[in-house]
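Step one of this worksheet: look at the structure below.
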Amino acid sequence: VEFWNETVDGLCRSGNFQAAIQYVSKLHAGGFSSNMVTYNMLLGALCKAQRLEAASKLLDEMVYSGCMPTLSLWNSLIDAFCKAGETAAALQMFSKMRSGGGSPDKLTFSSVTHGLCKKGKLAEANRFVEDMRKDKIAPDILLWCVLIEALSVIGNFDEALEVTSRMASDGCFPDVATYSILIKGLCRANRVNDAMRLLDEMHANGLCPDEVINTAILTSLFRAGREDEAIKRIDKLAASGYRIT
RNA sequence: CCUGCGG
């Protein structure tokens with residue numbers, strides 16, 4: 001088995017999925033059965049390559065033959081489907097995971113929530129987060145950010161900020177990425193002044209804006225015809241040793 | 001060891 005796994009691993013690494021799958025089914029036809037390692041490798045590779053049709057086929061075969069994916073493989077699978085916008089399929093896997101005795105973790109929930117949010121299914125996403133709490137899993141900053149991002153893309157900044165403070169009262173404090181989501185959203189909505197207010201708040205919290213934030217602010221200042229202010233900021237950034245592009 | 005957030 002170890003030898004086949006090496007072979008499968010090699011084929012996957014060189015992008016030869018078709019060959020890897022054929023190789024495995026040939027072994028099966030010869031009466032050999034693969035183990036979890038084989039499936040995990042092959043499926044992990046298929047996820048990365050976004051060969052989702054092949055992945056779900058293989059998943060069914062795997063489960064049918066009595067092998068359950070590991071937690072991280074479930075997460076890779078579910079996330080791959082979410083990223084492809086296939087949230088329905090992802091949710092099916094989620095239930096398959098549960099019925100197979102698997103316990104979703106915060107990554108699983110976060111991937112699905114992210115997928116639902118990207119599809120604009122905010123209500124469903126929130127329900128999902130409720131389920132997660134029922135599972136005694138506390139949202140972490142990454143999950144909060146997913147929700148904040150979803151609100152901010154629909155321009156609902158009031159609620160996005162409310163979620164931000166709820167998260168802080170939960171002991172999760174906004175980080176640079178959190179601010180980035182909010183600031184970029186505000187810039188997109190041409191609310192540069194509000195964005196700069198958040199920038200100040202961020203400084204007050206001892207956080208330093210990164211390039212993502214700086215370029216968002218600068219480009220929207222330019223877009224608003226406020227080049228004088230933009231230039232001033234660029235000078236200030238340059239003075240503090242920032243590289244300007 | 002492989003899997004989740006802004007860019």
Side-chain angles (χ1 to χ4, degrees), chain A residues 5-6 8-10 12-13 36-50 52 55 59 68-87 90-91 93-94 97 102-119 122 125 128-129 131-132 135 137-155 157 160-161 163-164 167 170 172-189 195 198-199 202 207-220 242-243 245:
Chain A
N5 288 343
E6 298 270 351
V8 171
D9 190 35
C12 288
R13 277 183 205 286
M36 238 147 14
V37 179
T38 322
Y39 281 122
N40 270 291
M41 256 175 353
L42 198 41
L43 276 170
L46 288 170
C47 286
K48 251 183 231 146
Q50 258 142 12
L52 301 185
L59 173 67
M68 277 319 242
T70 60
L71 175 60
S72 55
L73 180 58
W74 278 121
N75 286 343
S76 306
L77 282 161
I78 289 171
D79 188 55
F81 277 86
C82 286
K83 290 238 157 76
E86 305 274 355
T87 49
L91 284 166
M93 284 191 190
F94 189 86
M97 176 183 186
S103 315
D105 69 352
K106 63 183 179 183
L107 275 71
T108 327
F109 279 101
S110 173
S111 292
V112 175
T113 307
H114 192 193
L116 291 170
C117 285
K118 270 196 313 190
K119 296 220 109 187
L122 210 29
F128 207 72
V129 173
D131 288 347
M132 176 176 118
D135 268 31
I137 300 175
D140 66 359
I141 189 154
L142 269 62
L143 180 59
W144 286 114
C145 282
V146 167
L147 298 173
I148 292 167
E149 162 86 355
L151 289 165
S152 123
V153 295
I154 62 174
F157 297 106
L161 289 169
V163 171
T164 308
M167 123 183 165
D170 244 49
C172 259
F173 296 96
D175 62 2
V176 177
T178 316
Y179 278 107
S180 171
I181 292 165
L182 291 165
I183 289 172
K184 276 178 65 80
L186 287 165
C187 288
R188 230 182 290 122
L198 275 181
L199 194 65
M202 184 176 172
L207 292 171
C208 200
D210 63 5
E211 342 71 50
V212 178
I213 292 178
N214 286 323
T215 64
I217 298 261
L218 289 174
T219 63
S220 74
Y242 228 86
R243 67 172 196 133
T245 40

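Since the model is a prediction, treat every value here as computed from it, not as a measurement. Computation of the quantities below employed the complete heavy-atom set of this structure, encompassing side-chain atoms and omitting hydrogens, waters and symmetry-equivalent molecules. Below, chains carry the letters A, B, ... as their sequence lines are ordered, and counting in each starts from 1.
Residue contacts for A:Lys83: at a heavy-atom cut-off of 4.0 Å it reaches the sugar-phosphate backbone alone, with no base atom in range. Looking at heavy-atom distances under 4.0 Å, A:Ser110 makes contact with a base. Note on A:Asp140: a base of the nucleic acid sits closer than 4.0 angstrom, heavy atoms only. If you check every strand for non-hydrogen atoms under 4.0 Å, A:Asn40 touches nothing. Residue A:Ile181 is classed as a sugar-phosphate contact, given heavy-atom separations below 4.0 Å to backbone atoms only.
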Just list the side-chain donor-acceptor pairs under 3.5 Å for residues 173-180 of chain A, sequence neighbours left out, or say none.
from: A:Asp175; atom 1: OD1; to: A:Ala177; atom 2: N; distance (Å): 3.2
from: A:Asp175; atom 1: OD1; to: A:Thr178; atom 2: N; distance (Å): 2.9
from: A:Asp175; atom 1: OD1; to: A:Thr178; atom 2: OG1; distance (Å): 2.5
from: A:Thr178; atom 1: OG1; to: A:Asp175; atom 2: N; distance (Å): 3.1
from: A:Tyr179; atom 1: OH; to: A:Glu201; atom 2: OE2; distance (Å): 2.9
from: A:Tyr179; atom 1: OH; to: A:Asn205; atom 2: ND2; distance (Å): 2.8

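The backbone N or O of A:Leu143 sits less than 3.5 Å from a side-chain atom of A:Asp140, completing a donor-acceptor pair.
Between atom CG of residue A:Leu186 and atom CG of residue A:Leu161 there is a gap of 7.0 Å, rounded to the nearest 0.5 Å.
For RNA chain B, the contact window with chain A, defined by any atom under 4.0 Å from a protein heavy atom, covers B:C2 to B:G7 in 5' to 3' order.
Remark: A:Phe128 engages A:Phe94, A:Phe109 in a ring-ring contact (aromatic ring centres under 6.0 Å, His included) (not counting sequence neighbours).
Around atom CZ of A:Arg13, no more than 12 heavy atoms belonging to other residues, nucleotides or ligands sit under 6.0 Å away. At most 12 heavy atoms of other shown residues, nucleotides or ligands fall within 6.0 angstrom of atom CD in A:Glu6.
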